[in-house]
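Below is one structure, written out as structure tokens; the observations come after it.
Below, chain A is the first sequence line, B the second, and so on; all start at residue 1.
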Amino acid sequence: AQKVIQVWSTASRQEGEELTLDCSYETSQVLYHLFWYKHLLSGEMVFLIRQMSSSTAKERSGRYSVVFQKSLKSISLVISALQPDDSGKYFCALWEHGTNAYKVIFGKGTHLHVLP
Amino acid sequence: EAAVTQSPRNKVTVTGGNVTLSCRQTNSHNYMYWYRQDTGHGLRLIHYSYGAGNLQIGDVPDGYKATRTTQEDFFLLLELASPSQTSLYFCASSDKGANTEVFFGKGTRLTVV
């Protein structure tokens with residue numbers, strides 16, 4: 001069964017709009033981290049933001065922020081003021097403390113197209 | 001900024017062929033990983049290593065070998081390539097393990113015809 005689920009495979013928005021990308025996950029661990037990565041059209045995969053399960057802070061990095069609903073096992077990435085360069089594929093990922101601590105489990109990703 | 005360099009960036013080989021994908025990281029990270037990315041699957045872990053000479057099996061290791069010759073260098077070997085191994089391969093590294101930021105290379109697109 002999938003542990004990290006990104007329901008939407010594609011999304012399109014106009015430049016200047018705000019977008020929320022949803023991700024749900026499954027874990028029985030108390031300690032875990034959630035990540036968002038972006039696969040750029042140039043080929044690079046870049047880290048965007050991290051949310052720790054133990055943190056109640058609303059994580060933010062520039063135009064990126066997250067909505068973390070721990071009880072629902074949901075984490076959404078919010079991108080404000082969209083720009084054409086935001087186009088790419090966004091991956092949600094889960095790291096769990098314990099026996100799986102060597103790896104990050106990725107979702108299938110969401111393609112974002114930002115139209116000028 | 002960590003640098004992870006993969007080579008080649010693109011490779012075409014025939015079924016049954018022998019392919020080596022190379023990865024070098026220049027930030028003295030302990031952990032290195034090989035992933036494959038396929039539409040509908042996201043990124044899947046093939047092999048990983050937490051130091052020179054160490055090798056650990058990931059989630060989809062069949063058909064792949066890997067070697068970590070130095071702290072910097074991690075190689076992925078396909079000794080009898082098959083069309084099912086056509087994919088985008090990412091090498092990645094991290095300092096303290098996967099609970100910290102993972103730095104990725106730009107990927108190698110491998111086509112097995």
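- Looking at Leu45(B), only its side chain comes within 4.5 Å of chain A, counting heavy atoms on both sides.
- Cluster annotation: Trp95(A) and Tyr33(B) are assigned to the same hydrophobic cluster (Ile/Leu/Val/Met/Phe/Trp/Tyr, side-chain heavy-atom contacts under 4.5 Å, transitive).
- The same ILVMFWY cluster, assembled from side-chain heavy atoms under 4.5 Å apart, contains both Leu40(A) and Leu19(A).
- With a 4.5 Å cut-off on side-chain heavy atoms, Phe47(A) and Phe104(B) do not count as touching.
- Note: Phe106(A) and Tyr35(B) meet the aromatic proximity criterion, with ring centroids under 6.0 Å apart.
- Within the structure, side chain to side chain donor-acceptor pair (under 3.5 Å) pairs that include any residue of residues 5-16 of chain B comprise Gln6(B)-Thr108(B) (at least two apart or interchain).
- The hydrophobic cluster containing Val78(A), built from Ile/Leu/Val/Met/Phe/Trp/Tyr side-chain heavy atoms closer than 4.5 Å, also comprises Val67(A).
- The line from CG of Leu48(A) to CD of Glu101(B) is 9.5 Å long, rounded to the nearest 0.5 Å.
- Residue Arg109(B) qualifies as open at atom CZ: its count of foreign heavy atoms under 6.0 Å is 12 or below.
- Proximity of a side-chain donor or acceptor of Lys108(A) to a complementary backbone N or O of Gly40(B) within less than 3.5 Å is detected.
- Around atom CZ of Arg44(B), more than 12 heavy atoms belonging to other residues, nucleotides or ligands sit under 6.0 Å away.
- With a threshold of 4.5 angstrom between heavy atoms, Asp59(B) approaches chain A through side-chain atoms but not through N, CA, C or O.
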Intermediate values then yes/no, side chain to side chain contact (heavy atoms under 4.5 Å, CB included), Val102(B) and Tyr37(A): CA-CA 9 Å; Val102(B) 176; Tyr37(A) 285 87; 3.4 Å; yes

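- The list of side chain to side chain donor-acceptor pair (under 3.5 Å) pairs with a residue in residues 14-24 of chain A, not counting sequence neighbours, reads Asp22(A)-Ser76(A).
- The cluster map of Ile, Leu, Val, Met, Phe, Trp and Tyr, joined by side-chain heavy atoms under 4.5 Å apart, puts Leu55(B) and Val60(B) in the same cluster.
- Contact detail for Gln37(B) and Phe91(A): the closest heavy-atom pair is NE2-CZ, 3.5 Å.
- Looking at Phe90(B), only its side chain comes within 4.5 Å of chain A, counting heavy atoms on both sides.
- With a threshold of 4.5 angstrom between heavy atoms, Tyr32(A) does not approach chain B through any atom at all.
- Note: the hydrophobic cluster containing Met45(A) also contains Tyr48(B) (ILVMFWY, side chain heavy atoms under 4.5 Å, direct or indirect links).
- Ile105(A) is not connected to Trp34(B) by any chain of hydrophobic side-chain contacts under 4.5 Å among Ile, Leu, Val, Met, Phe, Trp and Tyr, and they are in different clusters.
- At a 4.5 Å heavy-atom cutoff, the contact between Ser42(A) and chain B is made by backbone atoms alone.
- Residue Lys65(B) places its NZ atom among 12 or fewer non-hydrogen atoms of other residues, nucleotides or ligands, all under 6.0 Å distant.
- Against chain A, the residues from residues 80-88 of chain B that qualify, each with a non-hydrogen atom under 4.5 angstrom away, are Leu88(B) in number order.
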